[in-house]
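Everything on this sheet refers to the single structure shown next.
Everything numeric here is computed off the predicted structure, so don't read it as measured data. Basis for what follows: all heavy atoms, side chains included, without hydrogens, waters or symmetry-related copies. Along the sequence shown, residues carry numbers from 1.
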Amino acid sequence: MSEVCALFISDLHLQPAHPATSKAFFDFLERHARHAQQLYLLGDLFEYWAGDDDITDPFHQQVVAALRAVSEAGVVIYWIAGNRDFLVGARFAEITNAILLPETWVAEIGGHQVVVLHGDAQCTQDTQYMEFRAMVRQPAWQAQFTAMPLAQRKAIIAGLRADSRKEQSGKSYEIMDVTPQAIADVFAETGAEVMIHGHTHRPALHRVDDKLRYVLPDWEPEAAPPRGGWIAIAADGAITRHDLNGAVIAS
């Protein structure tokens, strides 16, 4: 079996209230990630991230320690922010020894030109979300928000999450999915042949002409059926999708 160059995960939404997801994540790190060359975390690893000063939270400490152990095993960890954890910053990166990437990143992996991203910026039909996204991604907004007391930030985030759930209940899957033109633009701008992203919670392999677009699953091991998994790229160029048990999913 060819050596694994890189593994890709997203949308775990880690939180103390979902211990089964945390256990699945820690098992993945121990059994799979520490044996790869690279690990890409493509957003929404956490249910939310109020700022790097929350890194001392006991649950966050557990996640940070697990990631640091993978890094110390020789794995290069890359991070792309999601819509839940875009406030992850330099302190988190330093402690986990992760490399923070911009919203869109192209790398040669296993002989492929691969573009990785979270995917929310490509949901352009959801104009309400796109307006909110543009606001919270501004450095000035983030500086003002993180200057607030941590407890106040968490209360604001809880309110925003509640509002978001109400809004999503009235939106179609099509509106909350990526738009074909936005995807085509990323391929054209980057010259990549393979795209890997998350965010939509609609795992699939899409073939468009000579391009491949892989969508990562969200993680919920206790759902029926269980959800979760990852994508692997091997040194020989093979790209495989895996379920939570590590089994290859037919493409």
Side-chain angles (χ1 to χ4, degrees), residues 9-25 41-64 79-89 91-92 103 117-179 182 197-203 215-228:
I9 60 173
S10 73
D11 299 280
L12 280 75
H13 301 277
L14 295 174
Q15 54 186 305
H18 291 175
T21 304
S22 301
K23 182 181 184 304
F25 173 60
L41 309 173
L42 299 186
D44 287 3
L45 181 70
F46 296 99
E47 172 66 5
Y48 70 87
W49 190 261
D52 279 5
D53 54 338
D54 199 22
I55 207 165
T56 57
D57 173 87
F59 177 74
H60 293 161
Q61 283 286 296
Q62 190 178 10
V63 175
V64 164
W79 171 281
I80 286 182
N83 53 294
R84 304 288 190 91
D85 48 21
F86 57 86
L87 289 176
V88 158
R91 187 178 176 192
F92 177 91
E103 292 182 15
L117 54 156
H118 180 57
D120 61 324
Q122 286 65 47
C123 297
T124 55
Q125 290 187 85
D126 192 348
T127 54
Q128 190 174 20
Y129 169 69
M130 295 301 289
E131 290 175 0
F132 173 79
R133 186 184 192 279
M135 177 184 71
V136 300
R137 293 301 182 105
Q138 293 177 8
W141 184 95
Q142 294 184 9
Q144 182 179 28
F145 183 75
T146 54
M148 298 177 183
L150 181 58
Q152 182 180 0
R153 277 177 270 151
K154 288 186 174 183
I156 291 172
I157 289 171
L160 290 172
R161 293 301 311 133
D163 292 343
S164 177
R165 284 190 290 270
K166 291 178 183 178
E167 292 167 1
Q168 288 179 1
S169 65
K171 294 177 182 178
S172 68
Y173 279 117
E174 287 69 29
I175 288 178
M176 293 188 291
D177 202 354
V178 298
T179 58
H197 71 83
H199 180 65
T200 64
H201 299 191
R202 304 177 76 179
V215 185
L216 289 159
D218 64 317
W219 287 40
E220 194 169 335
E222 294 180 314
R227 299 197 305 273

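- Inter-residue side-chain proximity for H13 and H201 is flagged as met; some heavy-atom pair is nearer than 4.5 Å.
- Side-chain contact check for F86 versus Y48: every heavy-atom pair is 4.5 Å or farther apart.
- The shortest non-hydrogen separation linking C123 to V178 is SG-N, 3.8 Å.
- The main-chain N or O of F46 is never found under 3.5 Å from a side-chain atom of R84 such that the two would form a donor-acceptor pair.
- Between D54 and K154, at least one side-chain nitrogen of the basic residue sits less than 4.0 Å from a carboxylate oxygen of the acidic one, meeting the salt-bridge criterion.
- A distance of 9.5 Å separates CG of D85 from CG of L14, quoted to the nearest 0.5 Å.
- The minimum heavy-atom distance linking S10 with G198 is given by the pair OG-CA, 3.4 Å.
- Heavy-atom minimum distance, P16 versus P19: O-CD, 3.6 Å.
- At a threshold of 4.5 Å between non-hydrogen side-chain atoms, the residues E222 and H18 do not count as touching.
- The two atoms that bring I55 and Q61 nearest to each other are O-NE2, 2.7 Å, heavy atoms only.
- Classification of R133 and E103 as a salt-bridged pair holds, one side-chain N sitting under 4.0 Å from a carboxylate O.
- For the pair L117/L42, no side-chain contact is recorded, criterion being any heavy-atom separation below 4.5 Å from C-beta on.
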Would you sort out whether D44 and H118 count as a side-chain contact (heavy atoms from CB on, under 4.5 Å), showing the intermediate values? CA-CA 8 Å; D44 287 3; H118 180 57; 3.6 Å; yes

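- Within the 4.5 Å cutoff, no side-chain heavy atoms of H197 are placed close to those of L216.
- With rounding to the nearest 0.5 Å, the separation of OG1 in T124 from OH in Y129 is 12.5 Å.
- Note: W141 and F145 have parallel aromatic rings, judged against thresholds of 30 and 60 degrees for the angle between ring planes.
- Going from atom CZ of R153 over to atom CG of L150 covers 5.0 Å, rounded to the nearest 0.5 Å.
- Under the 4.5 Å side-chain criterion, counting only non-hydrogen atoms from C-beta, L41 is not in contact with I80.
- Under the 30°/60° scheme for interplanar angles, the aromatic rings of W49 and H60 are found to be tilted.
- Note that CG of D57 and CD of Q62 are 10.0 Å apart. Values are rounded to the nearest 0.5 Å.
- Applying side-chain hydrogen bond (donor to acceptor under 3.5 Å, both in side chains) to H199 and the options D218, N83, D120, D177 leaves one that passes, N83.
- Residues I9 and F25 are in side-chain contact: their nearest non-hydrogen atoms beyond the backbone lie under 4.5 Å apart.
- Side-chain atoms of E47 and R161, non-hydrogen and from C-beta on, do get closer than 4.5 Å to each other.
- In terms of heavy-atom proximity, P217 sits nearest to G228 at CG-C, 3.6 Å.
- Residue P221 comes nearest to A24 through the heavy atom pair CG-CB, 3.9 Å, listed as atom of the first residue, atom of the second, then distance.
- W219 pairs by the side chain to side chain donor-acceptor pair (under 3.5 Å) definition with nothing, not counting sequence neighbours.
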